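For reference, the structure is listed below as structure tokens.
By convention in this document, chain letters (A, B, ...) are assigned in the order of the sequence lines, proteins followed by strands, and residues within each chain are numbered from 1. What you see below is based on every heavy atom in this structure, not just the backbone, and it leaves out hydrogens, waters and symmetry mates. Since this is a predicted model, take the numbers as computed values, not measurements.
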Amino acid sequence: MEIPAKYDPSSCEDKWYKYWLEKDYFSSTPDGREPYTIVIPPPNVTGVLHMGHMLNNTIQDVLVRRARMKGYNTCWVPGTDHASIATEAKVVQKLKDEGIEKNSLTREEFLAHAWEWKEKHGGIILEQLKKLGASCDWKRTTFTMDNHMSESVIKVFVDLHKKGLIYRGVRMVNWDTVALTALSDEEVIHQEVQSKLYYLRYKIEGSQEYLVVATTRPETILGDTALCLNPNDSRYTHLHGKRVIVPLVGRSIPIITDEYVDIEFGTGALKVTPAHDVNDYMLGEKYNLEVIDIFNDNGTINDKVGLYVGMDRAVCRDVIAKDLAEASLLDKVEDYTNKVGLSERTNSVIEPKLSMQWFLKMEELAKPALDSVMSDEVALVPAKFKNTYRHWMENVKDWCVSRQLWWGQQIPAYYLPEGGFVVGETPEEALAAAKEKTGNDSLTIQDLRQDEDVLDTWFSSWLWPISVFDGIRNPENEEINYYYPTNDLVTAPEILFFWVARMIIAGHEYRKEIPFKSVYLTGIVRDKQRRKMSKSLGNSPNPLDLIAKYGADSVRMAMMMCSGAGNDLMFDESLIEQGRNFGNKIWNSFRLIKGWECKDMEQLDSSKLAIEWFNESLNKNITEIESAFAQYRISEALTLLYRLFWDEFSGWYLEMIKPAYGEPIDSKSYEATIDIFEKLLHLIHPFMPFITEELWHFIGDRKDGESLMISAMPAPAEHNAVVISDVEQMKEIVSSIRNIRKEKGLPTRELLELYVVSSDTALFNKYTPLLLKMASLAKVELVNEKPAAPASSFLVKTSEFYLPLGESIDVEKEIEKLTEELNYLTGFLKSVDKKLSNERFVASAPADIVEREKAKQVDAESKIASLTEQISVLRN
RNA sequence: GGGAGUAUAGCUCAGCUGGUUCAGAGCAUCUGCCUUACAAGCAGAGGGUCCUUGGUUCGAAUCCAUGUACUCCCACCA
């Protein structure tokens, strides 16, 4: 078969991906084999592939492909997340661009638009994953708002409500004034901003005195219902129990005292606005203060107070400051840096707001989930995340599960005409419950009003590993029993709590079992300057462009080369070049092998030795790769492979076995080489699926339906360490000879003679054929003494080597070289002697360590003797 | 403020149970090679106060403490 001179990824990748799909290699159904399951962290349905996805999914594909080749029934479940806030924001924006306001639409109309958008743009990202080579079972593609998924979510909500774990309550929530929804704490990003600290003057009632209070938010005076002082603040003792007048507003409010107030900050006086600050809210609860909410949902001032009505809060701040100044109620303004919460989705300033929300009690649910991680039943990789996880789980807060959006699972709570509510999986079920609750049999579904809110997106994703196998609705079905618990979860540490912890909780609650055995936490993909990759910085390359330019294999290699678990990775395009170069190396190695003419003839001794050695080395490396994978050191496994292929196989083995130009190779060696090459392809395949598949098909005539991706991974086997270390010694000798050639400017092909003084005659008797070939020698002769002719020499272990080079020997230079080595060894010996003459070392160090030192001593001494002799001979 | 982590070659990082795996790898740099698989290559070379200062130990890159710098998470002093 003709092999193209260059590897062309683009045609190859499409060809093989199509082949794999046609042969249905990705799909899985339960059978007698042991399963290996991964559920994809579902990307946002409207998302577009970025470098983080590349990393994440490459890791998953490597794990999945490897497991498949190791004989597991592998199932990688793909899917997308409805991402209520993000998607709804996109749809709202799109409608706005078309001149349609969301609030001009009914819920049904809006959802129709949203679904239309989803059908059109949803799942692009999954198509993109195919370009990467992802071997997902696409038939299982699931969307978190598919009917059966939504049913599972609703069922769980109803169940938790029945168990008394769901409650409604007024809580301070993070209000997004643009998206008009509450956000979870995790969706709020705190950012430092330059702002101002305003010093406001509150007049003491019945006195001419003013109390000055520092605040960053003067507009909230409209909602002030108390001033708070620290009881231990001696400056203000005389004010305890008095009242003050809120500036501009004129309302009289009490002065209260609480140790919460920091005496050092500002003036030591705090204005309390329970409706608009979390801490103030707590004070409000403690002292039973009035709560005045002064904002509309969109962040404008409402009409509760009758001032600044309809004005935006940001505008209002400046206007109020001006009005205060004019009324001489503004003492001063200082520059001040403080932290402001911003919405992760809309980037608007979060407003703490009191609102009626649905909550899930977390304390009891979290306990088993904490235990499974602390006991390593669920292993976090790297383990350092255990601490963070514990900290969070021990301080877990109730989960606000409601969102004021339309895109998502609508909360299955139904309000009754006369107040109160019932919960049911369907309107019919709710109606039945309502009839029972009210005793009113004439109620109809139309009388019930379903709660407007939808559930937090995470409230569906926390069921993901269960619901994709329909384990909520049909807890005893074959699939869930076979695939669950899944094996590995690969995700970003940022969502350890949002998602991972909650999946573990859901696993315990609904399967009495953990959802996965280990969680591989990836790092964040950053650019060379350590900046996070983001659209706004424009430093994030488009992965598809990279794939088009370098091929998917190269990009996969790049992702895996720089990614230790949990470490951020500095991504740079040069890494992809390195990946591409590696592919090129593999390609060309194969071209070399395939170019050989094969003949039935006697096998050369050098080839026998090379094959023996490489197979040992291969076994050793397979064992090491195995252990690296077992510890999820995937990048390390790849490095091992890279070196095995490039240095050991291409650099040494192929040179050892390569026939002289124009000469044929014996068929035995050829077969052995093909066998080795094929094993290497197997090992590389999970990382570089396309090029390996292509070459595997070039190796022999494969039948239709055969594929590298479904053939068996070479198993780890014992290796002979002596053979490996012997050959290492030979490689060192070869390198030394190459060095001498280089120093002397001798052409590679000029044959030299090598004389060896060594006690290990067996070693040299065995490996002489290899030395002859690799170092271009005319002969290797074991001698008892160094040859008389002037020779260049070197030492490897305790053997001496001489290359008589006649005229070209520069005696002075030789002496210099030998002296340098002698000096080094003398110093080395000195340090060893010192150690050995230290009684405390000999007494307390373990015996084997002492033995090793003694061996070093003997070794150095003999080398020194030999060098000294050589120098003195040269001197004469 | 609370918690966690990191600091090793120009860059990215290994270095696991303290001792020949002890100062390493890849990339980058430099030198020499258009040696018929591969210049996306081959053969070599240079390059480090293992962040500081102490301590433990016969022995420390490795363990402990302190300081410094950076990173992340949590909480938010108005």
Within the 3.5 Å criterion, strictly below it, is a donor on A:Tyr202 or A:Asp224 matched to an acceptor on the partner's side chain?
yes
Should stems be defined as at least three consecutive Watson-Crick or G-U pairs with both distances under 3.5 angstrom, which of them involve RNA chain B?
B:1-7 with B:68-74, B:10-13 with B:24-27, B:29-33 with B:41-45, B:53-55 with B:63-65
Any salt bridge between A:Glu573 and A:Lys549, counting N to O under 4.0 Å?
yes
Passing candidate, side chain to side chain contact (heavy atoms under 4.5 Å, CB included) with A:Leu229, options A:Val261, A:Val213, A:Asp258, A:Ile255
A:Ile255
Please report, rounded to the nearest Å, how far the C1' atom of B:U20 is from the CG atom of A:Asp848.
12 Å
Separation of A:Lys6 atom NZ from B:A37 atom P, in whole Å?
14 Å
Need one value for A:Asn279: base, sugar-phosphate or nothing, where a base atom within 4.0 Å counts as base even if backbone is also close, heavy atoms only.
sugar-phosphate
Could you tell me if A:Tyr7 and A:Asn584 have a donor-acceptor pair between their side chains, going purely by distance under 3.5 Å?
no
Is there a donor in the side chain of A:Glu334 and an acceptor in the side chain of A:Tyr198, or the other way round, less than 3.5 Å apart?
no
From CG of A:Asn588 over to C1' of B:C42, roughly how many Å is that when rounded to an integer?
13 Å
Short side-chain donor-acceptor distance under 3.5 Å, A:Thr273 and A:Lys271
yes
N/O donor-acceptor pair, side chain A:Glu636 with base B:A25, under 3.5 angstrom:
no
Short side-chain N/O contact from A:Tyr389 to OP1 or OP2 of B:C73, under 4.0 Å:
no
Going by atom types only, do A:Asp833 and A:Gln857 share a side-chain donor-acceptor pair under 3.5 Å?
yes
Would you mind checking if A:Asp553 and A:Arg580 are paired as a salt bridge, meaning a charged N to carboxylate O distance below 4.0 Å?
no
If you look at every strand shown and take non-hydrogen atoms under 4.0 Å, does A:Ser589 touch a base, only sugar-phosphate, or nothing?
base
To the nearest angstrom, how far is A:Arg741 atom CZ from B:G32 atom C1'?
15 Å
Are any of A:Trp392's side-chain N or O atoms less than 4.0 Å away from OP1 or OP2 of B:A75?
no
With no hydrogens and no angle check, do the side chains of A:Thr673 and A:Tyr653 hold a donor and an acceptor under 3.5 Å apart?
yes
Collect all protein-nucleotide pairs involving nucleotides 34-36 of chain B in which both atoms are nitrogen or oxygen and the distance is under 3.5 Å.
from  : atom 1 : to       : atom 2 : distance (Å)
B:U36 : O2     : A:Tyr661 : OH     : 3.1
B:U36 : N3     : A:Tyr661 : OH     : 3.4

By the 4.0 Å heavy-atom rule, please label A:Asn395 as base, sugar-phosphate, or nothing.
nothing
Picking from B:U20, B:G32, B:G19, the nucleotide nearest the side-chain atoms of A:Lys742 would be B:G32
Out of A:His276, A:Glu351, A:Glu219, which one pairs with A:Arg313 under the side-chain hydrogen bond (donor to acceptor under 3.5 Å, both in side chains) rule?
A:Glu351
Stretch residues 838-847 of chain A: residues that reach within less than 4.0 Å of RNA chain B through a heavy atom
A:Asn838, A:Arg840, A:Phe841, A:Ser844, A:Ala845, A:Pro846
Is it the case that the side chains of A:Thr623 and A:Asn621 hold a donor-acceptor pair, with the cut-off being a distance below 3.5 Å and no angle test?
no
Using only heavy-atom distances, determine whether the side chains of A:Ser650 and A:Ser589 contain a donor-acceptor pair under 3.5 Å.
yes
Tell me the interatomic distance from A:Tyr642, atom OH, to B:U12, atom P, rounded to whole angstroms.
19 Å
